[in-house]
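Working notes, structure below.
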Number of protein chains: 2
Amino acid sequence: MHESIDALSRGGGLAAWRQIADALEGEIATGDLAPGAQLPTEAALAARFSVNRHTVRRALATLAERGLIRASQGRGTFVEAAPLAYPIGRRTRFSEIVTGAGREPWGDLITHREIAAPPECAAMLAVPEGAPLLELLTVHRADGVPLSTARTWLPLPRFAGFAPAYERSGSITRALAACGVPDYTRASTRIRARLADPAEAARLDLTPGRVVIVVSSVNVDGEGVPVQANRAVFAADRVEVVVGT
Amino acid sequence: MHESIDALSRGGGLAAWRQIADALEGEIATGDLAPGAQLPTEAALAARFSVNRHTVRRALATLAERGLIRASQGRGTFVEAAPLAYPIGRRTRFSEIVTGAGREPWGDLITHREIAAPPECAAMLAVPEGAPLLELLTVHRADGVPLSTARTWLPLPRFAGFAPAYERSGSITRALAACGVPDYTRASTRIRARLADPAEAARLDLTPGRVVIVVSSVNVDGEGVPVQANRAVFAADRVEVVVGT
DNA sequence: AGTAATTTGTGCGTATGTATA
DNA sequence: GTATACATACGCACAAATTAC
């Protein structure tokens with residue numbers, strides 16, 4: 001590998017570390033440094049820009065802060081994969097989003113059972129507290145990589161046949177259609193963030209203590225009747241939630 | 001204090017820990033247990049429900065997982081303050097959101113300076129890379145508690161007078177009006193989550209390593225011209241982002 | 001299995017220019 | 001003008017994690 005020597009404008013009021021950060025950000029933006037690619041070592045970058053390694057580290061720190069790169073002790077520094085853009089709107093469909101990104105969607109049904117509606121779910125679904133609900137625990141993948149794990153609640157007895165239909169099709173949309181709900185729209189969405197608990201980390205194939213985005217939503221049928229409440233937990237570094245346009 | 005003995009329905013197919021969790025969730029929902037209040041000790045709850053302390057712990061764990069309570073070793077278990085609902089839409093105004101919640105908004109201008117547009121900002125504002133931008137670093141508070149810290153970029157020379165106007169009014173809306181932009185709408189919003197870096201933690205008065213929600217957005221004027229790009233960092237346990245109705 | 005090499009992470013000390021008081 | 005504080009930049013040394021042999 002042949003590394004060029006890039007000259008920085010010194011003493012021109014623009015800090016050397018900022019010029020280095022901008023140069024590297026440009027190479028990432030143009031795809032010269034593709035997602036997943038390893039950056040030159042800090043020592044190599046220091047030589048290329050003719051600066052101390054500390055100066056390079058400061059530049060890398062600003063890029064890492066913004067999630068463009070990730071440093072791994074003993075291994076190197078790598079360009080982060082661009083997170084999957086997950087648009088949230090009135091007609092959000094997981095399968096359409098993943099398919100639109102050129103990847104293969106699938107939802108695995110982990111467990112399902114009947115429960116009495118706890119207060120929070122009862123309010124979201126507009127049913128009495130303690131009413132029978134079907135609770136499903138699912139994991140959603142794109143090209144096999146888990147993006148989210150979700151708990152879904154549906155009122156019983158209306159959706160008694162939902163679980164087997166979901167297991168067959170791997171799709172909320174198709175399973176709802178099998179229960180006589182040809183169309184649904186998203187009524188409300190709340191977005192929070194916290195650390196993954198061990199169970200979520202295992203389901204998402206994350207190291208414990210990583211950040212997750214929690215999206216709680218309610219879907220309603222054509223008559224505005226709530227058919228499904230949902231709490232999806234996304235791996236924060238694999239997904240970016242996009243609102244509106 | 002006089003603790004009642006609550007009877008659980010045993011052997012009815014409903015786990016004792018879930019009944020306890022539902023009972024406590026109900027007390028939190030009704031405000032019987034107010035935000036910030038300390039729960040009875042695990043031993044006291046075990047006596048109240050006539051169960052083993054392990055059963056109480058399982059119930060508390062489910063509530064803690066959902067962010068309703070927070071256990072602090074050696075101190076006790078406390079009801080989490082309800083996060084401020086932060087609606088995101090085409091006409092999001094920080095001041096209106098906070099005012100609507102019955103709290104007092106203010107934005108502090110920490111620093112402002114002129115920079116050359118880095119690639120990411122240039123794309124958001126639709127200006128050439130390296131074009132002059134005004135960058136502001138601000139902290140936004142509700143009743144004095146910092147909710148978010150933001151970096152805002154505005155194209156120069158159009159908004160040369162923005163910084164002093166913002167410092168006077170503490171409001172993006174009013175400062176833009178002073179620059180001849182009477183109205184603006186949100187064109188796009190991206191939501192991510194990660195750990196707070198030390199600088200952000202200090203500005204938000206957080207212990208380092210806490211989770212933050214990062215909301216990147218672009219605002220456009222009446223003609224659809226981008227006037228402002230923004231990256232706001234919210235303390236995740238003080239704010240909940242709400243989309244749509 | 002174990003050792004060495006590579007690479008990032010951390011700390012200390014020093015020097016310089018630039019604002020601010 | 002002087003003093004102070006701060007950001008920037010350099011040099012050296014070592015720790016910690018990973019990989020290669």
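Letters A, B, ... are given to chains in the order of the sequence lines, protein chains preceding strands, and every chain is numbered from 1. Just so you know, these numbers use all the heavy atoms, side chains as well, and skip hydrogens, waters and symmetry mates.
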How would you summarise protein contacts on nucleotides 6-21 of chain D per nucleotide, using B for base, S for sugar-phosphate only and - for none, with heavy-atom distances below 4.0 Å? --SSBBBB--BBBS--
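Atom-to-atom distance recorded for R231(B):CZ and C121(B):SG is 7.5 Å, nearest 0.5 angstrom. Rounding to the nearest 0.5 Å gives a distance of 4.0 Å between CG of N230(A) and OG1 of T152(A). The line from CZ of R58(B) to CD1 of I20(B) is 11.0 Å long, rounded to the nearest 0.5 Å.
If you take CD of E42(A) and P of dT6(C), they are 16 Å apart, rounded to a whole angstrom.
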Side chain to side chain donor-acceptor pair (under 3.5 Å) for T173(B) and Y184(B)? Distances and angles first, verdict last. CA-CA 8 Å; T173(B) 306; Y184(B) 63 93; 3.2 Å; yes
Run the salt bridge (Lys or Arg N to Asp or Glu O under 4.0 Å) check on D237(A) and R70(A) step by step: do they pass? CA-CA 11 Å; D237(A) 50 8; R70(A) 178 183 299 270; 3.6 Å; yes
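In this structure dG9(C) sits in a base pair with dC14(D), meeting the Watson-Crick or G-U test at under 3.5 Å.
Residues Q38(A) and R57(A) both approach DNA chain C. Their nearest nucleotides, taken by heavy-atom distance, put Q38(A) toward the 5′ side.
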